[in-house]
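Scroll down for the structure; my scribbles are underneath it.
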Amino acid sequence: MDKRFYITTAIDYVNGAPHLGHAYEKVVADVLARARRSLGQPVFFLTGLDEHGQKVQQAAQELGQSPQTYCDGLAVQWGEFVRTLGLSHDDFVRTTDERHRKIVATLLDRLHATGHFYKSAYRGFYSVKEETFLTEKDRNPDGTWDPQWGVVQELVEENWYFRLGEHQAWLIDHIEKHPEFVQPAHRRNEVLGFLRSQKLEDLCISRPASRLSWGIPLPFDPGYVTYVWFDALVNYFSIPAALGDPTAVAALGGTAPAGSRLSAWPADIHLIGKDILKFHAVYWPIMLHALGAPLPKTILVHGWWQKDGAKLSKSTGNVVDPLAIIGEWGLDAFRYYVVRELGIGPDGNWTDEGFRVRYNSELANGLGNLLNRAVNMLNKYRAGVVPAADGTLAVEANAATEKTQSCYLANDPQGALIAAWELVNRANLFVEETKPFHLAKDPNQSARLDSVLYNLVECCRILAVLVQPVMPATADKIFAQLKVCGEPSDWRQSIWGGLAPGHQVGAPIPLFPRKDLVPK
RNA sequence: GCCAGGGUAGCUCAGCGGUAGAGCAGGGGACUCAUAAGCCCUUGGUCGGGAGUUCGAUUCUCCCCCCUGGCACCA
């Protein structure tokens with residue numbers, strides 16, 4: 001059983017509607033997953049929902065529903081969202097899944113048994129109204145509390161803590177020795193800077209069940225539920241474990257069932273937003289280390305989107321609705337834009353104008369028009385029949401293919417698109433250089449015309465393979481239009497010469513119809 | 001405040017000792033297979049400000065200004 005390439009997204013907290021940030025992370029993960037599959041690697045791609053916690057419990061209460069009913073409803077909505085994005089995930093985790101809850105309990109038990117937890121009292125100021133402890137930051141300069149907190153009282157509460165401090169040294173060492181552990185590099189520097197400059201404080205991992213019931217009970221102390229990180233982060237591990245992954249099962253002290261279906265752990269990529277870097281680069285590896293499980297290979301950190309240079313915000317109405325964009329422009333155009341516009345790392349800026357420009361110049365006029373003119377000329381001059389094979393552009397096509405491939409493998413899907421477009425531009429230029437429409441008027445140039453047409457259509461066929469991880473439906477459309485067999489989701493199809501002479505292609509249909517200056 | 005990274009053409013950015021480059025946007029042209037697409041040519045910049053090192057600085061040093069990110073519970 002081959003170890004699969006295991007990639008995850010953060011699981012989304014179900015306290016609102018999905019937005020551009022969620023869509024971006026999922027699309028990028030999907031692109032990397034599809035690219036690996038295309039290149040012949042077995043993949044396990046996991047995404048899902050974080051459903052426990054105070055806010056969910058409260059929201060359900062306000063609607064007069066049980067938390068589970070409330071979550072089930074949201075899970076339907078998020079499931080549709082994921083389907084709309086065309087994700088190719090292999091599993092979908094909900095932290096309320098029994099399979100997840102069981103593994104979390106087992107994991108907590110083991111760490112408790114090996115002395116990683118202790119119980120301690122915490123004294124602090126508690127807002128009864130908001131059901132939360134307040135910090136000094138919440139306090140007014142004059143020492144009073146804002147009316148929004150209602151009655152504030154000093155309270156002593158016992159909770160369970162996870163010993164983090166003893167793990168600081170080896171974690172620094174591990175990150176220093178594994179430059180790929182946190183990417184991009186400046187995020188790695190942030191983590192190292194943080195770890196070197198401050199002492200890790202122990203992590204509170206519980207809440208009294210009287211205060212928060214909607215969670216996973218601590219198996220060794222039923223008066224408490226586990227709080228956030230030992231629930232949410234563990235999803236990456238619990239699902240492989242539940243599916244019988246031998247490494248994960250062994251770390252929990254069990255043995256994998258014979259003929260287990262999955263070998264995935266350790267994860268190859270945890271794709272996350274920059275806001276949750278610390279938890280993934282500090283808490284999570286320490287949790288796994290304490291358990292004796294191998295650490296994930298890479299925490300891949302993406303930035304945030306802005307719209308028109310300002311922060312996305314529901315309250316100011318500065319939002320991008322992915323579903324509306326997809327409805328208007330199509331899924332592949334959306335996927336293309338977010339991947340092409342924003343590399344993994346920096347923050348990005350969504351502008352409707354930028355979207356339109358990329359759609360028109362790169363998709364419609366670039367790739368779409370190339371296919372259209374190539375197929376059209378083959379139909380017009382050769383009745384749609386592929387002429388004898390020719391390799392005039394083979395070297396350049398292979399170079400673009402290799403470059404695209406190495407970008408995908410380097411977790412750089414933006415670079416992959418840039419590399420693929422080198423071939424789009426080369427092929428469009430090739431038409432101008434060779435002027436097939438002139439050759440067609442001169443019977444003596446017939447062989448020359450054959451070779452030009454072969455090169456053009458073959459480039460289109462290869463491009464379908466190169467863009468497939470980002471735009472799977474478009475790739476299928478190109479193959480369908482060329483009526484070629486095989487799957488564009490198989491990288492081996494990108495080898496030059498796949499088009500068979502004598503093969504009959506279909507009629508030209510625009511891939512990305514132009515939408516000029518649609519009034520908003 | 002502390003730490004890190006930046007401020008280069010309208011926009012996004014590359015260059016990092018020898019008086020500046022790309023893509024897009026803007027302008028012009030020849031063509032016509034094509035979604036009036038593609039191709040060719042082209043207008044734009046005292047390279048944040050100041051001082052210094054140097055024969056010479058966008059590129060090195062120092063100071064200042066501004067921006068972004070991080071400094072533990074939001075994709």
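Labels below follow one simple rule: chain letters A, B, ... track the order of the sequence lines, proteins then strands, and each chain is numbered from 1.
Nucleotide B:U68 holds its P atom 11 Å from the NZ atom of A:Lys274, rounded to whole Å. When the C1' atom of B:G6 is taken as reference, atom CG of A:Asp347 falls 13 Å away, rounded to whole Å. Rounded to whole Å, atom C1' of B:U12 lies 16 Å from atom CG of A:Leu417. In this structure, CD1 of A:Ile418 is placed 12 Å from P of B:C24, rounded to the nearest angstrom. Residue A:Gln198 contributes atom CD, which lies 14 Å from atom P of B:C3 at whole-angstrom precision. Protein atom NZ of A:Lys199 is 16 Å distant from nucleotide atom P of B:A72, rounded to whole Å. In this structure, CZ of A:Arg188 is placed 16 Å from P of B:A4, rounded to the nearest angstrom.
Across B:C11 and B:G29, the matching C1' atoms stand 26 Å from one another, rounded to whole Å. B:U54 and B:C60 have their C1' atoms separated by 10 Å, given to the nearest Å. The separation of B:C41 from B:C63, taken at their P atoms, amounts to 46 Å, rounded to a whole angstrom. Comparing B:G17 with B:C39, their P atoms sit 34 Å apart, to the nearest whole Å. For B:C13 and B:C71, the C1' atoms lie 29 Å apart once the distance is rounded to whole Å. Only the C1' atoms considered, B:U12 is 33 Å distant from B:G52, to the nearest whole Å. Going from the C1' atom of B:G69 to that of B:C33 covers 50 Å, rounded to whole Å. B:G23 and B:U19 have their C1' atoms separated by 25 Å, with the value rounded to a whole Å.
Counting non-hydrogen atoms under 4.0 angstrom, A:Leu20 reaches nothing in the nucleic acid. Note on A:Trp229: only backbone sugar-phosphate atoms sit closer than 4.0 angstrom, heavy atoms only; bases stay farther off. At a threshold of 4.0 angstrom between heavy atoms, the contacts of A:Lys55 with the nucleic acid are absent. Among the heavy atoms of the strands lying under 4.0 Å from A:Tyr283 is at least one base atom, whether or not backbone atoms are also near. Contact annotation for A:Glu201: base contact, defined as any heavy-atom pair under 4.0 Å involving a base atom. Residue contacts for A:Arg358: at a heavy-atom cut-off of 4.0 Å it reaches no nucleic acid atom on any strand shown.
Annotation: proximity of residues 456-464 of chain A to RNA chain B (heavy atom, distance under 4.0 Å) is found for no residue.
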Show me the donor-acceptor pairs, under 3.5 Å and distance only, between side chains in residues 439-449 of chain A and residues at least two apart or in other chains.
residue, atom, partner, partner atom, Å
A:Asp442, OD1, A:Asn444, N, 2.9
A:Ser446, OG, A:Arg382, NH2, 3.1

Show me the donor-acceptor pairs, under 3.5 Å and distance only, between side chains in residues 340-349 of chain A and residues at least two apart or in other chains.
residue, atom, partner, partner atom, Å
A:Glu341, OE1, A:Arg358, NE, 2.9
A:Glu341, OE1, A:Arg358, NH2, 3.2
A:Asp347, OD1, A:Lys274, NZ, 3.0
A:Asp347, OD1, A:Trp304, N, 2.7
A:Asp347, OD2, A:Lys274, NZ, 2.8
A:Asn349, OD1, A:Asp308, N, 3.0
A:Asn349, OD1, A:Gly309, N, 2.7

Please output the side-chain donor-acceptor pairs of residues 331-339 of chain A that fall under 3.5 Å, not counting sequence neighbours, one pair per line with the distance.
residue, atom, partner, partner atom, Å
A:Asp332, OD2, A:Ala473, N, 3.2
A:Asp332, OD2, A:Thr474, N, 2.6
A:Asp332, OD2, A:Thr474, OG1, 2.6
A:Arg335, NE, A:Val470, O, 2.7
A:Arg335, NH1, A:Asp30, OD2, 2.8
A:Arg335, NH1, A:Leu85, O, 3.0
A:Arg335, NH2, A:Asp30, OD2, 2.7
A:Arg335, NH2, A:Pro469, O, 3.0
A:Tyr336, OH, A:Glu362, OE1, 2.6

**Item:** Nucleotide-level pairing of RNA chain B, given in dot-bracket where Watson-Crick and G-U pairs need both distances under 3.5 Å and | marks other strands
**Value:** ((((((((.[[[[.).....]]]].((((.........)))).....(((((.......))))))))))))....
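A:His19 is linked by a side chain to side chain donor-acceptor pair (under 3.5 Å) to nothing, counting only residues two or more places apart in sequence or in another chain. Residues meeting the salt bridge (Lys or Arg N to Asp or Glu O under 4.0 Å) test with A:Glu422, sequence neighbours left out: A:Lys403. Applying the side chain to side chain donor-acceptor pair (under 3.5 Å) test to A:Arg83 and every residue at least two apart in sequence or in another chain returns nothing. In terms of the side chain to side chain contact (heavy atoms under 4.5 Å, CB included) criterion, residue partners of A:Thr392 (sequence neighbours excluded) are, by chain and number, A:Asp390, A:Phe430, A:Asn455. For A:Ile509, the side chain to side chain contact (heavy atoms under 4.5 Å, CB included) criterion is met by A:Gln481, not counting sequence neighbours.
Under a 4.0 Å N-O distance rule, the pair A:Glu328/A:Arg356 does not qualify as a salt bridge.
A:Asp202 and A:Tyr118 are linked by a side-chain donor-acceptor pair at a separation below 3.5 angstrom, with hydrogens and angles left out of the test.
The glycosidic torsion of B:G44 lies within 90° of 0, which places this base in the syn conformation.
The environment of NZ in A:Lys119 is crowded: more than 12 heavy-atom neighbours from other residues, nucleotides or ligands sit within 6.0 Å.
Sorted by first then second residue, the salt bridge (charged side-chain N to carboxylate O under 4.0 Å, His left out) pairs that include residues 279-290 of chain A, not counting sequence neighbours, number zero.
Between A:Glu362 and A:Gly273, it is A:Glu362 whose nearest contact on RNA chain B lies nearer the 5' terminus. Across the interface with RNA chain B, nearest-nucleotide mapping of A:Leu203 and A:Arg340 shows A:Arg340 to be the residue nearer the 5′ end.
Relative ring orientation between A:Trp170 and A:His167 is described as perpendicular, the plane-to-plane angle rising above 60° on a 0-90° scale split at 30° and 60°.
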Polar atom pairs (N or O), protein with nucleotides 29-35 of chain B, under 3.5 Å:
residue, atom, partner, partner atom, Å
B:U32, OP1, A:His438, NE2, 3.3
B:C33, O4', A:Tyr381, OH, 3.3
B:C33, O3', A:Asn376, ND2, 3.3
B:C33, O3', A:Lys380, NZ, 3.1
B:C33, O2', A:Asn376, ND2, 2.8
B:C33, O2, A:Arg373, NE, 3.2
B:C33, N3, A:Arg373, NE, 3.3
B:C33, N3, A:Arg373, NH2, 2.6
B:C33, N4, A:Arg373, NH2, 2.9
B:A34, OP1, A:Lys380, NZ, 3.0
B:A34, O3', A:Asn372, OD1, 3.0
B:A34, O2', A:Asn369, OD1, 2.8
B:A34, O2', A:Asn372, OD1, 2.9
B:A34, N1, A:Arg373, NH2, 3.3
B:A34, N3, A:Asn369, ND2, 3.0
B:A34, N3, A:Arg373, NE, 3.4
B:U35, O2, A:Phe512, O, 3.2
B:U35, O2, A:Arg514, N, 3.0
B:U35, N3, A:Phe512, O, 2.8
B:U35, O4, A:Gly368, O, 3.3
B:U35, O4, A:Leu511, N, 3.1
B:U35, O4, A:Phe512, N, 3.4

